[in-house]
2 protein chains.
Amino acid sequence: MVTRKPVPYETTLLVRDTCLCLHVQRAARTLARRFDDALRPVGMTSGQFSLLMSLNRPEPPTMKSVAELLAMDRTTLTAALKPLVRRKLVRIAIDKEDRRSRRLILTDEGEALLSAAVPIWKREHAAIERALPRGGDGLRKDLLALT
Amino acid sequence: MVTRKPVPYETTLLVRDTCLCLHVQRAARTLARRFDDALRPVGMTSGQFSLLMSLNRPEPPTMKSVAELLAMDRTTLTAALKPLVRRKLVRIAIDKEDRRSRRLILTDEGEALLSAAVPIWKREHAAIERALPRGGDGLRKDLLALT
DNA sequence: ATGATTTGGATTGATATCAACCTAAAAAGC
DNA sequence: GCTTTTTAGGTTGATATCAATCCAAATCAT
């Protein structure tokens, strides 16, 4: 004889109310949508903003370091770069010192687009911090502890 | 004459250190990977776990209500259901009262798989809460405020 | 009632995500 | 030196994500 409801409903409620993976995914989707909407006028998604911004350094970073910074898989980064390279916002160059590595170079067009996005980010981000009862610092600490 | 570096490096550091969208995305990726790894032995991803668990109710929910609960687009839910329906873990039935709506029904196989996943979730989630300096409550509050 | 609007989903197209597997280059061991 | 191992990325295949668009059913307005 097979048990009909092997998972009690209370467990479902417990997961729904406490699961941090679920809560973080929900917040991630909501925030991404919000920034996607805000950045749409300049033709950029939230993920592309984070990626382009991470390339704005004195020394162009390697793919590995960017993937680690964004906590994403290296192959995800490869895919994410394709539309940016196609739009000539990013250029990929083989590292002179280590020919396995690729340097990710923000082009002038990429810089210009990023520049247009910065005030949008500032406005949106300030609004989000205001919505948090205790500001963003505690949240950032917790999120860093998870990474 | 075109300005060379329209976005100051300090802005990049500010975004990297404070952007909640970025921090939440990073944590979301890291947590998803962690639960994906833990749940792999039972053949389920973290997202599929959340989805299947949300179907374990006395009354099978509609797609709209599940999409809202998970804060995901309705079309994302349509896509996410396909592999689950194919594996016969979920069955989709037209609502009797409103023929536009679909009721998502957890099958016996779905229940069995979910049942196998619950102890894994409990173990993993307890470990994550332990890693948070102030426990998960503050984090959950903040994440809810963002959604 | 009946025509207009709203609502629940599906489809298509683009990007995002990662596992599994592959290649090439650098580093380590001998 | 030369072989083995490690490391940086790429490719493929599957699922995830959402915008834009469409369809059908329910609701609203008159």
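In terms of position along DNA chain C, the nucleotide closest to A:Met72 lies nearer the 5' end than the nucleotide closest to the other residue of the pair A:Met72 and A:Arg99. When each of B:Ala80 and A:Asp37 is assigned the nucleotide of DNA chain D with its nearest heavy atom, B:Ala80 is the one assigned upstream, toward the 5' end.
Panel note: side chain A:Arg57, backbone A:Ser54; a donor-acceptor pair is recorded below 3.5 Å.
Residues meeting the side-chain contact (heavy atoms from CB on, under 4.5 Å) test with A:Thr76, sequence neighbours left out: A:Met72, A:Asp73. For A:Arg102, the side chain to side chain donor-acceptor pair (under 3.5 Å) test picks out no residue, with sequence neighbours left out. Residues forming a side-chain contact (heavy atoms from CB on, under 4.5 Å) with B:Arg74 (at least two apart in sequence, or on another chain): B:Ala67. With sequence neighbours excluded, the residues that form a side-chain contact (heavy atoms from CB on, under 4.5 Å) with A:Leu144 are B:His23, B:Arg26. For B:Arg100, the side chain to side chain donor-acceptor pair (under 3.5 Å) test picks out B:Asp98, with sequence neighbours left out.
Remark: A:Arg103 CZ is packed, more than 12 non-hydrogen atoms of other residues, nucleotides or ligands lying under 6.0 Å away.
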Distances under 3.5 Å between nitrogen or oxygen atoms of protein and nucleotides 9-11 of chain D:
| from | atom 1 | to | atom 2 | distance (Å) |
| --- | --- | --- | --- | --- |
| D:dG9 | OP1 | A:Met63 | N | 3.1 |
| D:dG9 | OP1 | A:Arg102 | N | 3.1 |
| D:dG9 | OP2 | A:Lys64 | N | 2.8 |
| D:dG9 | N7 | A:Arg74 | NH2 | 3.4 |
| D:dG10 | OP2 | A:Thr78 | OG1 | 2.6 |

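The interatomic distance linking B:Lys96 (NZ) with D:dA25 (P) rounds to 15 Å, in whole Å. The nearest whole Å value for the distance from the CG atom in A:Asp73 to the P atom in D:dA8 is 13 Å.
Rounded to 10°, the angle separating the first-five-pair axis and the last-five-pair axis of the helix from C:dA1-D:dT30 to C:dC30-D:dG1 equals 30°.
Residue pairs meeting the salt bridge (charged side-chain N to carboxylate O under 4.0 Å, His left out) criterion with at least one partner in residues 40-49 of chain A, sequence neighbours excluded, are A:Asp37-A:Arg40. A salt bridge (charged side-chain N to carboxylate O under 4.0 Å, His left out) check over residues 130-147 of chain A, counting only residues at least two apart or in different chains, returns the pairs A:Glu129-A:Arg140, A:Arg134-B:Asp142, A:Asp137-A:Arg140, A:Asp142-B:Arg134.
Once you apply a 4.0 Å limit to the heavy atoms of chain B, the touched nucleotides of DNA chain C run 5' to 3' over C:dT7 to C:dA19.
With a 4.5 Å cut-off between side-chain heavy atoms of Ile, Leu, Val, Met, Phe, Trp and Tyr, the cluster of A:Leu13 takes in A:Tyr9.
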Below 3.5 Å, can you tabulate the donor-acceptor pairs from side chains in residues 115-127 of chain A to any protein atom, sequence neighbours excluded?
| from | atom 1 | to | atom 2 | distance (Å) |
| --- | --- | --- | --- | --- |
| A:Glu124 | OE2 | A:Arg34 | NE | 2.8 |
| A:His125 | NE2 | B:Thr18 | O | 3.1 |
| A:His125 | NE2 | B:Leu20 | N | 3.0 |

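Within 4.0 Å of A:Ala79, counting heavy atoms only, lies at least one base atom of the nucleic acid.
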